[in-house]
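Have a look at the structure below, then the notes.
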Amino acid sequence: MEHIYDMVIIGGGPGGYTAALYGARSGLDTLILERLSAGGQMALTDQIDNYPGFEDGIDGFSLGEKMLRGAERFGAQTKMAEVRAVRLNGAVKEIETAGGTLYGRTVILATGATPRALGVAGEQELIGRGVSYCASCDGMFYRGKTVVIVGGGNTAAADAILLSRICEKVFVVHRRDTLRATKIYHEPLMKAENIAFCWNSTVSELLHGDKLTGVKVRNIQTGEETEISCDGLFVCIGREPASELVKGQLELDGAGYIVADESTRTSLPGVYAVGDVRTKAFRQVVTAVGDGATAAYYADEYLTETKQAQEDGALDR
Ligand code: NAP
């Protein structure tokens, strides 16, 4: 007979490993499925200064390893596996991997989201050397410097305001002549003396040696190109949630995020979404960690309730 885990967590980022820690520590038979290495997106971050408890900061890879070991200490198991498909609507959920099908009474989706890239030559190579996708993570490295932000949504607007308090000068490059961002951001943006806008424009080239030194900005109406000398480029053009696996099974919002409130409960019983893949306002390591603890709490509650129902003969398996 196949083994049925109490909790299968898909994705070993901070949300996933916190759910694992709380689940295993509550005595649940807990499995984490991870594709590459512990930490998810966080593992790609050189320096994390906004996760409390590390007064000198910590690199994301080491923090991921610590989270893994913390969960394994209480018996959580990690399997390196690529999940190919899931069937989430039964009392026993099925998770199909290259190595076979796994079964769980609850599933926690912690698959994350990846920042959308500009697709300009050199962008990937300059990550951590001038190119960033997160102002609240990396903004402090640009204190007193000049930065360029690309995008016109709420993230770009909020990040421009944040960076204007840290940096000497902030350029916002947006492909249209109006911001998509909600009105609440418009006034503070226009009032900030050190924020300048490049409307109807895109970044066409990155100028660099070992580090980013500037960008070429192209006006898409006139074709005119100008150079901006800068130390940092913040790409804020949206994110791609890793929710393909659950499309058609769970409710997603227009951008593809799994709809779940602070309880992390999704549209199916026994299925929870944590961290960046969930609908939420602020996607950070600390908020993912909070989600992980909450999901484990509700999964435990669900398991107790379903066990009771099973004992009462209400469920088949
Ligand atoms: P978003 O709303 O999708 O905005 C993305 C922006 O990037 C848009 O202005 C878009 O231009 C631009 N863009 C997209 N692809 C581009 C490309 N290839 N080149 C240049 N520009 C490109 O994404 P977001 O700002 O990250 O926000 C995501 C979600 O989080 C939204 O629902 C947002 O409301 C929410 N959020 C909320 C808050 C808050 O409430 N405080 C803060 C941050 C984020 P166009 O306008 O031309 O499409």
Side-chain angles (χ1 to χ4, degrees), residues 15 41 50 111-124 126-127 131-139 147-166 170-190 192 195-206 212 215-226 228 230 232-243 251-262 264 273-288 290-291:
Q41 279 287 311
N50 55 3
T111 45
T114 41
R116 206 173 281 150
L118 278 178
V120 181
E123 183 179 357
Q124 296 303 313
L126 288 165
I127 293 172
V131 173
S132 170
Y133 299 86
C134 177
S136 49
C137 314
D138 299 336
V147 296
V148 170
I149 294 178
V150 188
N154 279 338
T155 303
D159 287 0
I161 293 165
L162 172 77
L163 292 169
S164 73
R165 296 191 209 117
I166 301 168
V170 177
F171 291 91
V172 178
V173 176
H174 182 35
R175 64 184 179 184
R176 294 191 293 141
D177 62 359
T178 46
L179 295 174
R180 174 191 291 279
T182 31
K183 289 274 179 273
I184 195 160
Y185 288 115
H186 291 212
E187 201 185 317
L189 277 172
M190 301 305 160
I195 299 180
F197 291 88
C198 306
W199 301 112
N200 300 309
S201 298
T202 55
V203 167
S204 54
E205 198 178 323
L206 305 183
L212 184 81
V215 296
K216 265 191 194 167
V217 172
R218 184 171 165 275
N219 184 304
I220 54 178
Q221 288 182 338
T222 63
E224 190 190 336
E225 281 198 322
T226 44
I228 300 175
C230 65
L233 172 70
F234 286 85
V235 181
C236 307
I237 60 171
R239 285 166 158 247
E240 300 286 353
S243 58
E251 189 187 345
L252 306 182
D253 75 359
Y257 290 95
I258 301 171
V259 174
D261 63 13
E262 292 303 310
T264 75
V274 305
D276 287 5
V277 77
R278 171 172 91 78
T279 47
K280 64 195 310 193
F282 197 39
R283 295 188 169 89
Q284 294 284 295
V285 176
V286 276
T287 61
D291 280 1

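All values below come from the heavy atoms of this structure, side chains included, with hydrogens, waters and symmetry mates left out. Counting convention: from 1, in listed order, for ligands and their atoms alike.
Nearest protein neighbour of atom 26 (O) of ligand 1, counting heavy atoms only, is Thr155 OG1, 2.7 Å. Ranking the protein heavy atoms by distance from atom 9 (O) of ligand 1 puts Gly152 N, 3.0 Å first. Protein heavy atom nearest atom 1 (P) of ligand 1, with residue, atom name and distance: Arg180 CD, 4.2 Å. Nearest to atom 15 (N) of ligand 1 among the protein's heavy atoms is Arg175 NH1, 3.6 Å. Of all protein heavy atoms, the one closest to atom 23 (O) of ligand 1 is Gly238 CA, 3.6 Å. Protein heavy atom in closest approach to atom 36 (N) of ligand 1: Asn154 CB, 3.7 Å. Nearest protein heavy-atom neighbour of atom 21 (N) of ligand 1: Ile237 CG2, 3.5 Å.
Using a distance-only test at 3.5 Å, with no hydrogens or angles considered, a donor-acceptor pair links the side chain of Ser201 to the main chain of Trp199. Of the possible donor and acceptor atoms, one in the side chain of Thr287 sits under 3.5 Å from a partner among the backbone N and O of Phe282.
By the definition of a contact as any protein heavy atom under 4.0 Å away, atom 29 (C) of ligand 1 is not in contact. In this structure, atom 39 (C) of ligand 1 is in close contact with the protein, since a protein heavy atom lies within 4.0 Å of it.
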All N/O donor-acceptor pairs, side-chain side in residues 178-188, below 3.5 Å, sequence neighbours left out:
unit_1, atom_1, unit_2, atom_2, d
Thr182, OG1, Asn154, OD1, 2.9
His186, NE2, Ala181, O, 2.8
Glu187, OE2, Lys191, NZ, 3.0

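Of all the heavy atoms of His174, the ones lying under 4.0 Å from any atom of ligand 1 belong exclusively to the side chain. Contacts between Tyr133 and ligand 1 below 4.0 angstrom, taking non-hydrogen atoms only, are absent altogether.
Closest heavy-atom contact between Val148 and Cys230: CG2-SG, 3.8 Å. Across all non-hydrogen atoms, the minimal contact from Leu126 to Leu212 is CD2-N, 3.9 Å. Closest approach of Thr279 to Ala260, counting heavy atoms only: OG1-O, 3.0 Å.
Asn50 and Gln284 share a side-chain donor-acceptor pair at under 3.5 Å.
Of all atoms in ligand 1, listed by their number and element, those nearer than 4.0 Å to a heavy atom of Arg176 are 45 (P), 46 (O), 47 (O). Per-residue contacts place Tyr185 under 4.0 angstrom from the following atoms of ligand 1 (heavy atoms of the residue considered): 39 (C), 41 (N), 42 (C).
Taking Arg116 as the reference, Glu240 meet the salt bridge (Lys or Arg N to Asp or Glu O under 4.0 Å) condition, with sequence neighbours excluded.
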Walk me through whether Tyr133 and Thr114 qualify under side chain to side chain contact (heavy atoms under 4.5 Å, CB included).
CA-CA 10 Å; Tyr133 299 86; Thr114 41; over 6 Å; no

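Inclusion of Leu118 in the set of residues having an N or O under 3.5 Å from an N or O of ligand 1 is not warranted.
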